[in-house]
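Structure record follows, encoded as structure tokens.
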Amino acid sequence: MYAFLSCGLGRGLLRAAGRRWWGCSARLLPEPAGGPRPEAKVPPSRVALHCRGPGLLPLVAALAWFSRSAAEEEERPPRAGGAAAGDAADEAEAEIIQLLKRAKLSIMKDEPEEAELILHDALRLAYQSDNKKAITYTYDLMANLAFIRGQLENAEQLFKATMSYLLGGGMKQEDNTIIEISLKLASIYAAQNRQEFALAGYEFCISTLEKKIEREKKLTEDIISVEEKANTRLLLGMCLDSCARYLLFSKQPSQAQRMYEKALQISQEIQGERHPQTIVLMSDLATALDAQGHFDEAYLYMQRASDLAREINHPELHMVLSNLAAILMHRERYTQAKEIYQEALKQAELKRDEVSVQHIREELAELSRKSRLD
């Protein structure tokens, strides 16, 4: 369920940077509905998820949170026209559904080229049958596939096309589906170092959700369910987390800290302290504190995160432990840091996470050098 990214930060803090959990309103909106359809292009190589620089961090973090398409509310795309559409429409819809299922299977099998070909067939059939909801659904799947593959420009155009059809169909800008797509667009802009658009996008997502949540507080359960309210708050947490990561790697750790604190509070209140995402957010908050030199406060959060990660056998325990060891090293508690790094190394080797193994070994070498100097 959770996907993580290993990267260096400052003094070598290994961070769990991406996972599933959870610009500018006008500028994030797509071209008017009915505009030219984007053509999905396949680049010569795929973007690797493991990196050392900040460029892909917001992108990888965001894509890891979205295990489904933003427009995917049901297993099948809703029919256009109902029963009156006739047998031909029924047959076309059934064929589209089968194509989409095949595409999803290809994605799960890590066969992106095959998935893309299948999605093009589905889109062509959706246009031929004038099934507008199927068109939207297919565009969204194509956008997510391009997003996952790191095809940023292609993903941007496809997300805009998806949003165009959704808005053209009457969906409001504050709908959670629109916010999710806007967040992906902001993450793309962040990965492309288009700072103005990225920050405007994050601001649109966060401010829109905060206003929406404030209005929903006054609504009774017969109007909006508790679950719907919780989902909107979790989406806000996701936006805060993604923006915080961008701010942190843009060397704005104090602003990132404030956003991580809000995201952590949301996760604790809705999902509980022992939830894997809550633990990761504790680690992220500690990272922001560590980047500011607040080592003692960072240690308290990271120690709690590591204790909880051990209790639930967190899938990324080795990263949390590595973070803890880094903070111990910054506090010049070298003996403890070495023990934790060695524990983290064993866990990383069991997980066969070669990037983390290499990073931890580098940190152990640095720790050894510091110990000799002292």
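With sequence neighbours excluded, the residues satisfying side chain to side chain donor-acceptor pair (under 3.5 Å) with Ser368 are Arg372. For Asp307, the salt bridge (charged side-chain N to carboxylate O under 4.0 Å, His left out) partners two or more places apart in sequence, or in a different chain, are Arg310. Under the side chain to side chain contact (heavy atoms under 4.5 Å, CB included) criterion, Ala146 pairs with Gln151, Asn154, Ala155, Leu158, sequence neighbours left out. Residues satisfying the side chain to side chain donor-acceptor pair (under 3.5 Å) test with Ser225, not counting sequence neighbours, are Glu228. Legend: residues meeting salt bridge (charged side-chain N to carboxylate O under 4.0 Å, His left out) with Glu349, ordered by chain and number and at least two apart, are Arg361. Considering only residues two or more places apart in sequence or on other chains, Lys218 meets the salt bridge (charged side-chain N to carboxylate O under 4.0 Å, His left out) condition with none of them. In terms of the salt bridge (charged side-chain N to carboxylate O under 4.0 Å, His left out) criterion, residue partners of Glu156 (sequence neighbours excluded) are, by chain and number, Lys160, Arg194. Every residue two or more places apart in sequence or in another chain that forms a side chain to side chain donor-acceptor pair (under 3.5 Å) with Glu269 is listed here: Arg233, Gln265. Residues satisfying the side chain to side chain donor-acceptor pair (under 3.5 Å) test with Ser129, not counting sequence neighbours, are none.
A salt bridge does not link Lys346 with Glu343: none of the charged nitrogens is closer than 4.0 Å to a carboxylate oxygen. In summary, Arg124 and Asp121 engage in a salt bridge, as defined by a charged side-chain N under 4.0 Å from a carboxylate O. A salt bridge links Glu273 with Arg304: the distance from a Lys NZ or Arg NE/NH1/NH2 to an Asp or Glu carboxylate oxygen falls below 4.0 Å. Using a cut-off of 4.0 Å between Lys/Arg side-chain N and Asp/Glu carboxylate O, Glu116 and Arg149 are scored as salt-bridged.
Sorted by first then second residue, the salt bridge (charged side-chain N to carboxylate O under 4.0 Å, His left out) pairs that include residues 254-268, not counting sequence neighbours, number zero.
Between Tyr202 and Tyr246, the ring-plane angle classifies as tilted under the 30° and 60° cut-offs.
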Self-check item: Gln257/Gln292 under side chain to side chain donor-acceptor pair (under 3.5 Å): CA gap, chis, key distance, verdict
Solution: CA-CA 9 Å; Gln257 175 192 336; Gln292 298 174 75; 2.8 Å; yes
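Other cluster members for Leu219: Ile223, Ile224, joined by side-chain heavy-atom distances under 4.5 Å among Ile, Leu, Val, Met, Phe, Trp and Tyr.
Leu119 places none of its side-chain heavy atoms less than 4.5 Å from the side chain of Leu99.
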What donor-acceptor contacts under 3.5 angstrom involve side-chain atoms of residues 294-301, with partners at least two apart or in another chain?
residue : atom : partner : partner atom : Å
Asp296  : OD1  : Arg331  : NE           : 2.9
Asp296  : OD1  : Arg331  : NH2          : 3.1
Tyr299  : OH   : Gln303  : OE1          : 2.9

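Ring centers of Phe159 and Phe147: under 6.0 Å apart, within the cut-off.
Across Glu174 and Ile179, no two heavy atoms sit closer than the pair O-CG1, 4.1 Å. The nearest pair of heavy atoms linking Ala198 to Ala190 is CB-N, 3.6 Å. When all heavy atoms of Ser283 and Ala305 are compared, the closest pair comes out as N-CB, 4.3 Å.
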